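Just so it is clear, the model here is predicted, and its values are computed rather than measured. Residue numbers run from 1 in the order of the sequence given.
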Amino acid sequence: MDIKRNILLNPGPATTTDTVKLAQVAPDICPREREFAGRMAQLRSDLVRVVHGDPEQYAAVLFCGSGTLCMDVCLNSLLPEDKKALIVHNGAYSARAAEICRSYRLPHVDLKLPYDRPADLTAVETSLRENPDIALVYATHNETGTGLLNPIREMGALVHACGAAFVTDTTSTYAMRPIDIEADNIDFCMASAQKGLMAMTGLSFVVGRRDVIEASRDYPRRSYYANLYRQYDYFERTGEMEFTPPVQTVYAALQAMEEYWAEGEQAKWVRHTRTMDAIHRGLEALGFREAVRREWQAGLVAAVRCPDDPNWNFEQVHDYCYARGFTIYPGKVGTAGTFRLCALGAIDAPDIEAFFQVFRQALDQCGVAVPVEYGG
Ligand SMILES: *Cc1c(COP(=O)(O)O)cnc(C)c1O
């Protein structure tokens, strides 16, 4: 089968290998069969291994849904009665976490910090001290809207010193930037299969501490479908998801996991870094500026400032590139006036070099002067 290869420079879903795409074409199976439960057990244990977790202490819980479901699940399931959550809010994804708290009416502190720099640890420490009833702290590892990296390990140490649980949204770093769940002071992390794992959409997972999940059994049940303890308990007792799993997506994820081990954690991170370096180089050559300082970036997303040239038109540039197999992505609210180029997926530096040839043509087509110009 010949499948057209598109280069996705959006922040997930990512470009996948053909072997992962084709793994979805498999004999029909009822997911209640032991055979399928066995495949999910394998996947769950591998998901813990990716972040170097001890399987006695950490478990992976799978859900059918996009990555936001894991944010929802962690926040609604892990907050004890009469306690508060602290949202370390310095980007569009932690803004979403605060919105989830509001929609469940969870008592929480929305600690709003600047979007263009790593979260200030002193502000986090002060907030923890002023609110001794905080039992759950939530932060984003890589704020995908800007590409900003937060100091998770140091923040986790502060959180643990106060006896709270630490949830990190690692959706846009998991299986890319190496994570050691215990050394990084993470109690819960999460991702969806279509990002770092380079598999398909529709499967998401939380990896976290068994003892904390077990303690959450008696916490208020704020959602019927999206409860962490409920799904964990069902997996532990039966090896299955309580409700229908995304069968073909699980097959793709298993294949992607095989390819992950074959490539290796370090080699994969080196490849993403090489890809990102090619993105930075290509941008620099055209005079583009980025929204966040290079040393504060997680190394997977570049948020690029749109030039002030009156001929600049994101839609038009996008459409020109899209028609030639390259997908670029608009910015997020809060970082208006940016667009994004990401280094996720089964791509490498030569793909980026090919992209920049097309991108340059798109700029010429629009009549944008190169090097691009900024007013301020
Ligand atoms: C992609 C992403 C999510 C989940 O987004 P969905 O559209 O629900 O898959 C959550 N957090 C971060 C940091 C992300 O990059």
Side-chain angles (χ1 to χ4, degrees), residues 6-15 89-96 112-118 140 142-150 171-173 195 272-273 275-345 347 349 351-376:
N6 286 329
I7 304 300
L8 301 188
L9 301 176
N10 49 296
T15 297
H89 175 169
N90 65 338
Y93 287 91
S94 37
R96 185 179 298 176
K112 290 191 181 121
L113 298 168
Y115 275 26
D116 64 350
R117 67 202 62 178
T140 310
N142 172 21
E143 272 289 358
T144 319
T146 50
L148 182 74
L149 182 71
N150 273 317
T171 310
S172 59
T173 47
K195 293 202 178 177
H272 288 304
T273 303
T275 306
M276 199 67 222
D277 286 346
I279 291 174
H280 290 312
R281 263 200 315 280
L283 287 169
E284 263 165 25
L286 297 170
F288 280 94
R289 297 187 195 159
E290 297 179 32
V292 170
R293 273 162 63 170
R294 192 78 59 85
E295 65 267 32
W296 290 342
Q297 297 179 17
L300 292 158
V301 175
V304 188
R305 289 179 47 202
C306 296
D308 293 323
D309 192 310
N311 288 334
W312 168 261
N313 180 325
F314 175 80
E315 285 303 318
Q316 215 175 322
V317 172
H318 166 274
D319 292 354
Y320 186 95
C321 296
Y322 182 78
R324 288 154 184 83
F326 297 94
T327 301
I328 64 174
Y329 206 66
K332 271 259 181 222
V333 191
T335 46
T338 64
F339 68 96
R340 283 178 283 172
L341 301 177
C342 309
L344 281 67
I347 60 174
D351 298 311
I352 302 301
E353 282 144 25
F355 160 72
F356 272 105
Q357 291 193 358
V358 170
F359 187 63
R360 172 70 203 251
Q361 290 162 13
L363 296 176
D364 290 343
Q365 191 89 359
C366 292
V368 175
V370 171
V372 296
E373 283 163 19
Y374 293 95

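- Annotation: side-chain contact (heavy atoms from CB on, under 4.5 Å) contacts of L149 (sequence neighbours excluded): H141, R177, A298.
- One finds the OG atom of S94 at 8.5 Å from the CG atom of L113 (value rounded to the nearest 0.5 Å).
- Qualifying side-chain contact (heavy atoms from CB on, under 4.5 Å) partners for P13, counting only residues two or more places apart in sequence or in other chains: N10, Q194, T201.
- Considering every non-hydrogen atom in both Y374 and G287, the closest pair reads CE1-O, 3.5 Å.
- The salt bridge (charged side-chain N to carboxylate O under 4.0 Å, His left out) search around E295 returns R293, not counting sequence neighbours.
- Not less than 6.0 angstrom separates the ring centroid of H280 from the ring centroid of F288.
- Q297 places none of its side-chain heavy atoms less than 4.5 Å from the side chain of V301.
- Screening residues 275-284 for salt bridge (Lys or Arg N to Asp or Glu O under 4.0 Å) gives R281-E353, E284-R294 as the qualifying pairs, with residues at least two apart or on separate chains.
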Expected list for residues 317-327: side-chain donor-acceptor pairs under 3.5 angstrom, two or more places apart:
residue: Y320; atom: OH; partner: Q361; partner atom: OE1; Å: 3.0
residue: R324; atom: NH1; partner: Y320; partner atom: O; Å: 2.8

Would T338 and T146 count as a side chain to side chain contact (heavy atoms under 4.5 Å, CB included) if you check the C-alpha gap in whole Å, the side-chain angles of each, and the deciding distance to 0.1 Å?
CA-CA 9 Å; T338 64; T146 50; over 6 Å; no
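- W312 and F359 have perpendicular rings, their planes meeting at more than 60° on a 0 to 90° scale where under 30° would count as parallel.
- A search for ring-ring contact (aromatic ring centres under 6.0 Å, His included) contacts involving H272 returns nothing, not counting sequence neighbours.
- For the pair T275 and A343, the tightest heavy-atom approach, listed with the atom from each and the gap, is CG2-CB, 3.9 Å.
- In terms of heavy-atom proximity, P330 sits nearest to F314 at N-CZ, 3.5 Å.
- When every heavy atom of A95 is checked against every heavy atom of H89, the shortest pair comes out as CB-NE2, 3.4 Å.
- The side chain to side chain donor-acceptor pair (under 3.5 Å) check on R340 picks up nothing, with sequence neighbours excluded.
- Considering only residues two or more places apart in sequence or on other chains, S172 meets the side-chain contact (heavy atoms from CB on, under 4.5 Å) condition with N142, T144.
- Atom CG of L9 and atom CG of D351 lie 8.5 Å apart (nearest 0.5 Å).
- Here CG of N90 is found 5.5 Å from CG of L148. Values are rounded to the nearest 0.5 Å.
- In this view, P114 and D116, R117 satisfy the side-chain contact (heavy atoms from CB on, under 4.5 Å) rule, not counting sequence neighbours.
- Within the 4.5 Å cutoff, no side-chain heavy atoms of V372 are placed close to those of D309.
- For the ring-ring contact (aromatic ring centres under 6.0 Å, His included) test, no residue two or more places apart in sequence or in another chain qualifies with Y329.
- Sorted by first then second residue, the salt bridge (Lys or Arg N to Asp or Glu O under 4.0 Å) pairs that include residues 365-374, not counting sequence neighbours, number zero.
- A 4.5 Å side-chain heavy-atom check between L341 and I328 finds at least one atom pair inside the cut-off.
- Heavy-atom minimum distance, N311 versus C366: CB-O, 3.3 Å.
- The two atoms that bring E143 and A92 nearest to each other are OE1-N, 3.4 Å, heavy atoms only.
- Note that SG of C342 and CD1 of I279 are 7.0 Å apart. Values are rounded to the nearest 0.5 Å.
- The shortest side-chain heavy-atom distance between F355 and I7 does not fall under the 4.5 Å cut-off.
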